[in-house]
Amino acid sequence: MSTQHPPRHDFVFTAQPARVRFAPGALAHLPQEVEALGARRALVLCTPQQVETAERVSALLGPLSAGVFSGAVMHVPIEAAREARAHAGAVGADCAVAIGGGSTVGLGKAIALESPMPILAIPTTYAGSEMTPIYGITEAGLKKTGRDPRVLPRTVLYDPELSIGLPVGLSVVSGMNAIAHAAEGLYARDGNPVMSLMAEEGIRAIAQGLRGIVAAPSDIDARSDCLYGAWLCGTVLGHVGMALHHKLCHTLGGSFNLPHAETHTVVLPHALAYNAAAAPEAMQRIARAIGRGDGDAAGGLFDLARALGAPTSLREIGMPKEGLARVADLAVANPYWNPRPLARDALMALLHDAWEGRRPGRTRP
């Protein structure tokens, strides 16, 4: 009598098309990359805080520039998306150059969702949105996300020199945000060996790079490590589904307007503790990537965030305690797939721990 075992490998992998140019000084190649897209009028997108950088990009484009639109804001409110689409049409733009972090890339995606304009992304943070067909738009206090191949940036320029000015605190939470993509990719329902390799290497590179940035903020090698890791983590996010952690962060961010990267940084260790017993191999790989020989991924990431000076509680980033119940209700009302079933009482315990900033244990009963 033979015993049948499930196959070691059983997966589907569909690669997302993207052109990546990675090098210190890669920004200098922007005009050629815009022309390679067949574009002649590129609208440069940025947040109000990054106008100076965007103006420099616009000047570099010269006659290829359709000007600067500086209305990108966190969580992409639908009003900002509509204004950007109208402006792009008014100036005759045929391409969007999004320079900045996830908010700016997200605005570019909101434009591309309803127009044929290609996006060229120039990330200055480690958010990873530039490598995904995922978009998010907030309307009436709710952040709605989706996937559409039209919003995937066609070209991405990674230039570590552009991230040297990113403050250490923002660098840290942006890197932790990227680690979250890879961590959940390691236990994704539609995961595969290629993404798991990229996820573990991405976590390792970012953890190493962040330690280097905290020690020496202008260290170009540390900045390169983080950007390289962000590319890998973002690629994972673009290819496989996410789970509980991302559901909670989208709810917290969209409903309570919490800062995106900080929210990911605080919630990640607690979401991993919730899932630890259901995804032991993923936890081993995460722990290995951050140099934790004891296999404690959740506690290890909490310790890493604390050592890097990042926030470790929802309370300190502006979350009202009385809103936790609503977050739990929204999470169970429209749940993502998750390796451990979502139970409201357990989610409330998770959220209370995250609000207080308690160090998570290995497992959560």
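Here the structure is a predicted model, which means the values were calculated and not measured.
Using modelled atom types, one side-chain atom of Ser174 and one backbone atom of Tyr126 make a donor-acceptor pair closer than 3.5 Å. Between the side chain of Asn338 and the backbone N or O of Pro341 there is no donor-acceptor pair closer than 3.5 Å. Counting only distance, with no hydrogens or angles, the side chain of Arg340 and the backbone of Tyr274 share a donor-acceptor pair below 3.5 Å. Using a distance-only test at 3.5 Å, with no hydrogens or angles considered, a donor-acceptor pair links the side chain of Ser313 to the main chain of Glu316. Using modelled atom types, one side-chain atom of Glu184 and one backbone atom of Ala243 make a donor-acceptor pair closer than 3.5 Å. Panel note: side chain Thr138, backbone Val76; no donor-acceptor pair is recorded below 3.5 Å. Asp190 contributes no side-chain N or O that, together with a main-chain N or O of Val240, makes up a donor-acceptor pair within less than 3.5 Å. Checked by atom type and distance alone, the side chain of Asn192 pairs as donor or acceptor with a backbone atom of Met195 at under 3.5 Å.
In terms of the side chain to side chain donor-acceptor pair (under 3.5 Å) criterion, residue partners of Glu114 (sequence neighbours excluded) are, by chain and number, Arg85. Residues passing the salt bridge (Lys or Arg N to Asp or Glu O under 4.0 Å) test with Arg288 are Glu200, sequence neighbours excluded. Under the side chain to side chain donor-acceptor pair (under 3.5 Å) criterion, Arg306 pairs with Asp303, not counting sequence neighbours. Under the side chain to side chain donor-acceptor pair (under 3.5 Å) criterion, Arg358 pairs with Asp353, sequence neighbours left out. For Pro133, the side chain to side chain contact (heavy atoms under 4.5 Å, CB included) partners are Gln16, Arg147, Leu152, not counting sequence neighbours. The side chain to side chain contact (heavy atoms under 4.5 Å, CB included) search around Thr265 returns Val173, Met176, Ala305, Ala310, not counting sequence neighbours. Listed by chain and number, the residues in a side chain to side chain donor-acceptor pair (under 3.5 Å) with Ser171 are Arg223 (sequence neighbours excluded).
Note: Arg150 CZ to Leu113 CG = 5.0 Å, rounded to the nearest 0.5 Å. For the atom pair CG of Leu272 and NE2 of His245, the computed distance is 8.0 Å after rounding to the nearest 0.5 Å. The distance from the CG atom of Leu227 to the CG atom of Leu162 is 9.0 Å, given to the nearest 0.5 Å. Atom CG of residue Leu45 and atom NE2 of residue His87 lie 9.0 Å apart, to the nearest 0.5 angstrom.
Under the 4.5 Å side-chain criterion, counting only non-hydrogen atoms from C-beta, Ile213 is in contact with Cys226. By the 4.5 Å heavy-atom criterion applied to side chains, Val44 and Leu61 are counted as neighbours. For the pair Arg154/Arg19, no side-chain contact is recorded, criterion being any heavy-atom separation below 4.5 Å from C-beta on. Between Ser196 and Arg285 the shortest side-chain heavy-atom distance falls below 4.5 Å. Side-chain contact check for Met242 versus Trp337: every heavy-atom pair is 4.5 Å or farther apart. Counting heavy atoms from C-beta outward, Val327 and Met348 have side chains that stay 4.5 Å or more apart. Residues Tyr336 and Leu244 have side chains not in contact (no heavy-atom distance under 4.5 Å, counting atoms from C-beta outward). Here the side chains of Leu350 and Leu248 are in contact, with some heavy-atom distance below 4.5 Å.
Taking every heavy atom of both residues into account, Ile317 and Pro311 meet most closely at CG2-CB, 3.8 Å. Across all their heavy atoms, Val214 and Val168 have their closest contact at CG2-CG1, 4.0 Å. The two residues Ala207 and Ile290 make their nearest non-hydrogen contact at CB-CG2, 4.1 Å. Across every non-hydrogen atom of Arg204 and Tyr228, the tightest pair is NH2-CE2, 4.5 Å. When all heavy atoms of Ala331 and Leu347 are compared, the pair lying nearest together is CB-CD1, 4.0 Å. Shown here for Ala230 and Ile206, the closest heavy-atom pair between the two residues is N-CD1, 3.7 Å.
In the hydrophobic clustering of ILVMFWY residues, with side-chain heavy atoms under 4.5 Å counting as a link, Leu232 and Val105 come out apart. In this structure, Leu170 is a member of the same hydrophobic cluster as Ile179, with clusters built from ILVMFWY side-chain heavy atoms closer than 4.5 Å. When the side chains of ILVMFWY residues are joined at heavy-atom separations under 4.5 Å, either directly or via intervening members, Leu308 and Phe302 end up in two distinct hydrophobic clusters. Hydrophobic clustering, with ILVMFWY side chains joined whenever heavy atoms are under 4.5 angstrom apart, keeps Val151 apart from Leu43. By the rule that hydrophobic residues join a cluster once side-chain heavy atoms approach within less than 4.5 Å of another member, Val156 and Phe22 end up as members of one cluster.
More than 12 heavy atoms of other residues, nucleotides or ligands shown are found within 6.0 angstrom of CD on Gln32.
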For this session: Test side chain to side chain contact (heavy atoms under 4.5 Å, CB included) on Leu60 and Val57 and set out the steps.
Result: CA-CA 5 Å; Leu60 178 63; Val57 170; 5.5 Å; no
- Query: Are Trp355 and Leu324 close enough, and set up right, to give a side chain to side chain contact (heavy atoms under 4.5 Å, CB included), and what steps lead you there?
  - Reply: CA-CA 9 Å; Trp355 191 83; Leu324 297 179; 3.9 Å; yes
(message) Between Thr155 and Arg21, does the side chain to side chain contact (heavy atoms under 4.5 Å, CB included) criterion hold? Intermediate values first, please.
(response) CA-CA 8 Å; Thr155 301; Arg21 192 157 194 165; 5.8 Å; no
Which side-chain N or O atoms in residues 88-104 pair as donor and acceptor under 3.5 Å with protein atoms at least two apart or in another chain?
{"unit_1": "Asp94", "atom_1": "OD1", "unit_2": "Arg40", "atom_2": "N", "d": "3.2"}
{"unit_1": "Asp94", "atom_1": "OD1", "unit_2": "Arg41", "atom_2": "N", "d": "2.8"}
{"unit_1": "Asp94", "atom_1": "OD2", "unit_2": "Arg40", "atom_2": "N", "d": "2.8"}

Ignoring hydrogens and angles, write down the donor-acceptor pairs under 3.5 Å from the side chains of residues 115-122, residues two or more places apart or on other chains.
{"unit_1": "Ser115", "atom_1": "OG", "unit_2": "Ile111", "atom_2": "O", "d": "3.1"}
{"unit_1": "Ser115", "atom_1": "OG", "unit_2": "Met117", "atom_2": "N", "d": "3.3"}

Side-chain atoms of residues 252-262: list all donor-acceptor pairs with protein atoms under 3.5 Å, sequence neighbours left out, distances to 0.1 Å.
{"unit_1": "Ser255", "atom_1": "OG", "unit_2": "Gly141", "atom_2": "O", "d": "3.4"}
{"unit_1": "Ser255", "atom_1": "OG", "unit_2": "Thr251", "atom_2": "O", "d": "3.2"}
{"unit_1": "His260", "atom_1": "NE2", "unit_2": "His264", "atom_2": "NE2", "d": "3.4"}

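For the pair Asp219 and Arg211, the salt-bridge criterion is not met [side-chain N within less than 4.0 Å of a carboxylate O]. A salt bridge between Arg82 and Glu79 is absent, with no side-chain N of the basic residue lying under 4.0 Å from a carboxylate O of the acidic one.
Side-chain atoms of Tyr187 and Glu281 form no donor-acceptor pair, as typed in the model, at a separation below 3.5 Å. Side-chain contact, Ser129 with Lys109: a donor N or O sits under 3.5 Å from an acceptor N or O.
Ring-centre distance between His246 and His181: below the 6.0 Å cut-off. If you look at His239 and Phe13, their ring centroids are closer than 6.0 Å.
Counting only residues at least two apart or in different chains, side-chain hydrogen bond (donor to acceptor under 3.5 Å, both in side chains) contacts with residues 317-335 comprise Asp329-Arg344. Screening residues 56-67 for side-chain hydrogen bond (donor to acceptor under 3.5 Å, both in side chains), with sequence neighbours left out, gives Ser58-Ser65.
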